[in-house]
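Below is one structure; the comments refer to it alone.
Below, chains carry the letters A, B, ... as their sequence lines are ordered, and counting in each starts from 1.
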2 protein chains.
Amino acid sequence: MTRAADSAYNTIRGMILSGELSPGSQLGEEALAERCGVSRTPVRDALRRLEADLLIRRTGTQRSFVADWSLADVEDAFTLRAMLEAHAAMRAAERMDDAVLEQLKHCNDRIRRAIALPRPDTAEFVEANRALHMLILNQARSRRLAALLGTLIEQPVVWRTAQQYGSEQLQRSCSEHDELICAFERRDGAWAHAVMSAHIHRAFHAYADAHKGIAPDRKGSDNCVQFSGTTPQLAHPVGELG
Amino acid sequence: MTRAADSAYNTIRGMILSGELSPGSQLGEEALAERCGVSRTPVRDALRRLEADLLIRRTGTQRSFVADWSLADVEDAFTLRAMLEAHAAMRAAERMDDAVLEQLKHCNDRIRRAIALPRPDTAEFVEANRALHMLILNQARSRRLAALLGTLIEQPVVWRTAQQYGSEQLQRSCSEHDELICAFERRDGAWAHAVMSAHIHRAFHAYADAHKGIAPDRKGSDNCVQFSGTTPQLAHPVGELG
DNA sequence: CGGCGGGTATTTGTATACAATAGCGTGCCG
DNA sequence: CGGCACGCTATTGTATACAAATACCCGCCG
């Protein structure tokens with residue numbers, strides 16, 4: 001990951017998520033290239049990826065702006081994530097093998113230890129949590145699903161949410177994982193599906209509560225795909241349906 | 001869409017879907033550039049998009065190969081599409097306005113006329129069908145959802161499927177649209193969800209039947225995300241979960 | 001005062017050259 | 001005869017120059 005394009009991707013992504021680049025502001029390739037210390041070529045690469053992540057928006061003429069996320073947008077992302085990750089849990093349950101089960105238990109033990117401390121170790125919590133969810137996604141055995149979820153999950157959002165978590169919520173998260181593992185042990189896809197769905201929805205509300213009043217829902221940020229009209233030119237034309 | 005990058009994208013995509021480039025074969029940027037009549041720069045752009053579509057796979061060192069799709073992969077894509085597009089139909093039903101409803105009816109009238117002919121007009125069917133599904137997706141008002149479905153729907157697959165359709169199946173598709181419109185008229189999200197889900201699942205089986213024996217499920221095409229091991233470097237690291 | 005048009009400056013798109021790196025074959029050594 | 005290492009070749013990554021398109025500004029005209 002030492003390539004300039006990846007470096008640019010991470011740098012720009014960081015600047016967006018940290019708020020260093022304010023929503024709605026234009027991202028000139030030249031300016032970004034300078035700030036990242038690389039040429040425009042890898043920046044263009046990075047911009048394309050960020051566009052796929054919906055972290056930036058592009059006008060019909062390919063000018064890039066930092067996307068402004070309303071709470072509704074975030075809820076949307078969480079809803080879709082709940083749907084897809086629940087599906088992943090179901091598939092994983094149906095395919096679960098004992099080795100992975102052990103690894104899952106190991107992850108949740110790490111989480112348990114991290115939150116048992118007087119001052120919970122947030123970094124360890126986030127990392128072990130990440131690993132656990134990834135094991136499940138991997139076990140679901142679906143490249144498509146993995147690709148879709150990849151664009152849906154903004155780790156920094158998780159991080160910030162976890163920091164806001166009280167010890168009570170950390171423990172709830174951990175025991176939800178326990179239940180998930182139970183469902184996996186029984187190879188009960190429906191159970192795993194339900195638990196995972198609840199897990200994600202709860203996470204959304206934790207996020208929403210933490211951000212109440214801080215980032216109120218924007219006014220007219222129309223959360224729709226621009227249709228017909230004047231040559232919108234989306235990267236992946238929505239037109240291709242069947 | 002006259003840009004070289006788009007032209008390259010469409011050209012390469014066409015070559016992949018038509019089978020001109022056989023699954024597993026390597027895609028050299030230089031060679032593609034020559035065949036597309038452009039330089040490597042727009043080709044690289046196109047490759048990144050195709051990678052997001054999962055039409056090509058990249059090794060850890062970014063060498064590109066035509067993805068080989070097993071029937072299981074296709075089923076996977078249809079399953080996810082059913083989930084997401086059903087969700088879109090539900091959201092659309094809850095937000096439906098009368099103008100769009102009229103447009104939907106108009107689309108399905110086009111479909112009705114196209115399949116009423118002695119020799120059904122497949123092109124018109126596909127186009128009106130596309131427009132109808134797109135209207136629904138647009139009405140769902142979710143950028144995220146639109147982005148996810150965009151990568152999931154391979155129009156050429158639809159096209160080939162439609163060509164295989166007998167008049168009976170074309171009519172079934174049309175009447176399913178009718179039922180969908182009924183659900184929209186009543187603003188019944190659950191109904192719309194169910195009908196759409198069934199609609200897509202039926203389409204998958206039409207596809208599977210048409211390809212039975214033609215493209216049998218490949219042997220070990222492991223449909224899983226490559227995990228840990230030796231620096232897999234996925235475009236959107238699956239690691240970023242929470 | 002507002003809208004239109006043209007010109008300029010900014011921004012993105014493309015091509016090309018060069019650099020770095022992975023893959024691969026060959027030949028040497030054990 | 002097998003394996004390792006070296007070096008060559010093919011392929012991708014990056015930078016830069018230039019071309020094309022567009023947004024913006026300013027002046028003109030209604």
Side-chain angles (χ1 to χ4, degrees), chain A residues 1-13 15-16 21-22 24-53 55-67 226 229-237, chain B residues 1-13 15-16 21-22 24-53 55-67 226 229-237:
Chain A
M1 278 297 213
T2 58
R3 281 156 49 228
D6 295 310
S7 152
Y9 175 79
N10 290 321
T11 304
I12 298 169
R13 183 188 167 114
M15 291 194 295
I16 292 174
L21 294 168
S22 55
S25 63
Q26 183 166 0
L27 299 171
E29 295 178 358
E30 196 82 51
L32 290 174
E34 199 170 347
R35 294 184 73 167
C36 296
V38 296
S39 83
R40 272 180 56 213
T41 309
V43 167
R44 286 173 62 79
D45 242 51
L47 286 179
R48 196 158 299 280
R49 283 198 258 169
L50 291 163
E51 184 192 358
D53 296 343
L55 283 173
I56 70 173
R57 291 182 77 173
R58 304 191 91 158
T59 67
T61 62
Q62 299 299 91
R63 278 162 167 76
S64 307
F65 299 86
V66 179
Q226 292 162 334
T230 57
T231 337
Q233 294 186 10
L234 277 71
H236 293 292
Chain B
M1 281 292 220
T2 59
R3 280 159 44 231
D6 294 311
S7 153
Y9 174 79
N10 290 321
T11 303
I12 298 170
R13 182 187 168 117
M15 291 195 294
I16 292 175
L21 295 168
S22 54
S25 62
Q26 182 166 0
L27 300 171
E29 295 178 357
E30 197 81 50
L32 290 174
E34 199 170 345
R35 294 185 73 167
C36 296
V38 297
S39 83
R40 272 180 55 213
T41 309
V43 168
R44 287 174 61 80
D45 243 52
L47 286 179
R48 192 155 305 276
R49 284 198 258 169
L50 291 164
E51 184 191 359
D53 295 345
L55 283 174
I56 70 174
R57 290 183 76 174
R58 305 193 91 158
T59 68
T61 62
Q62 300 298 93
R63 278 164 169 74
S64 306
F65 299 85
V66 179
Q226 292 163 333
T230 57
T231 337
Q233 295 187 11
L234 278 72
H236 293 289

Item checked: Length of the line joining Tyr9(A):OH and dG13(D):C1', which is rounded to integer Å -> 19 Å
Margin query: To the closest 0.5 Å, what do you measure between CD1 (Ile56(A)) and CG (Leu27(A))?
Written below: 6.0 Å
Notebook entry, point to check: Between atom CZ of Arg48(B) and atom CD of Glu51(A), what is the distance when rounded to the nearest 0.5 Å?
Noted result: 12.5 Å
Margin query: Without decimals, in angstroms, what is the distance between Arg48(B) CZ and dG13(D) C1'?
Written below: 11 Å
Next item on the list: Rounded to the nearest angstrom, tell me the gap between atom CZ in Arg49(A) and atom C1' in dG13(D).
Entry: 13 Å
Note to self: Rounded to whole Å, please give me the gap between CG in Leu47(B) and C1' in dT11(D).
What the structure shows: 12 Å
Item checked: Gln62(A) side chain near dG13(C) phosphate (N/O to OP1/OP2, under 4.0 Å) -> yes
Checklist line | Audit row: Arg44(A), Glu29(A), side-chain contact (heavy atoms from CB on, under 4.5 Å) steps and yes/no | finding: CA-CA 7 Å; Arg44(A) 286 173 62 79; Glu29(A) 295 178 358; 3.0 Å; yes
Margin query: Of the options dT12(D), dT14(D), dT12(C), whose atoms approach the side-chain atoms of Glu30(B) most closely?
Written below: dT12(D)
Checklist line | Arg49(B) charged N/C atom sitting above Tyr9(B) aromatic ring, 6.0 Å / 45° | finding: yes
Check: Would you say the side-chain atoms of Ser25(A) pair up with the backbone N or O of Leu21(A), donor to acceptor, closer than 3.5 Å?
Finding: no
Notebook entry, point to check: Reading nucleotides 15-23 of chain C from the 5' end, what letters show protein touch, with B for base, S for backbone sugar-phosphate only, - for no heavy atom under 4.0 Å?
Noted result: BB-----SS
Check: Between dT10(C) atom P and Phe65(A) atom CZ, what is the distance in whole Å?
Finding: 16 Å
Check: Rounded to the nearest Å, what distance is computed from the CD atom of residue Gln26(B) to the C1' atom of nucleotide dT9(D)?
Finding: 13 Å
Notebook entry, point to check: Roughly, in whole Å, what's the span from CG in Leu27(B) to P in dT11(D)?
Noted result: 12 Å
Next item on the list: Answer yes or no: does atom CD of Gln26(B) have more than 12 heavy-atom neighbours from other residues, nucleotides or ligands under 6.0 Å?
Entry: yes
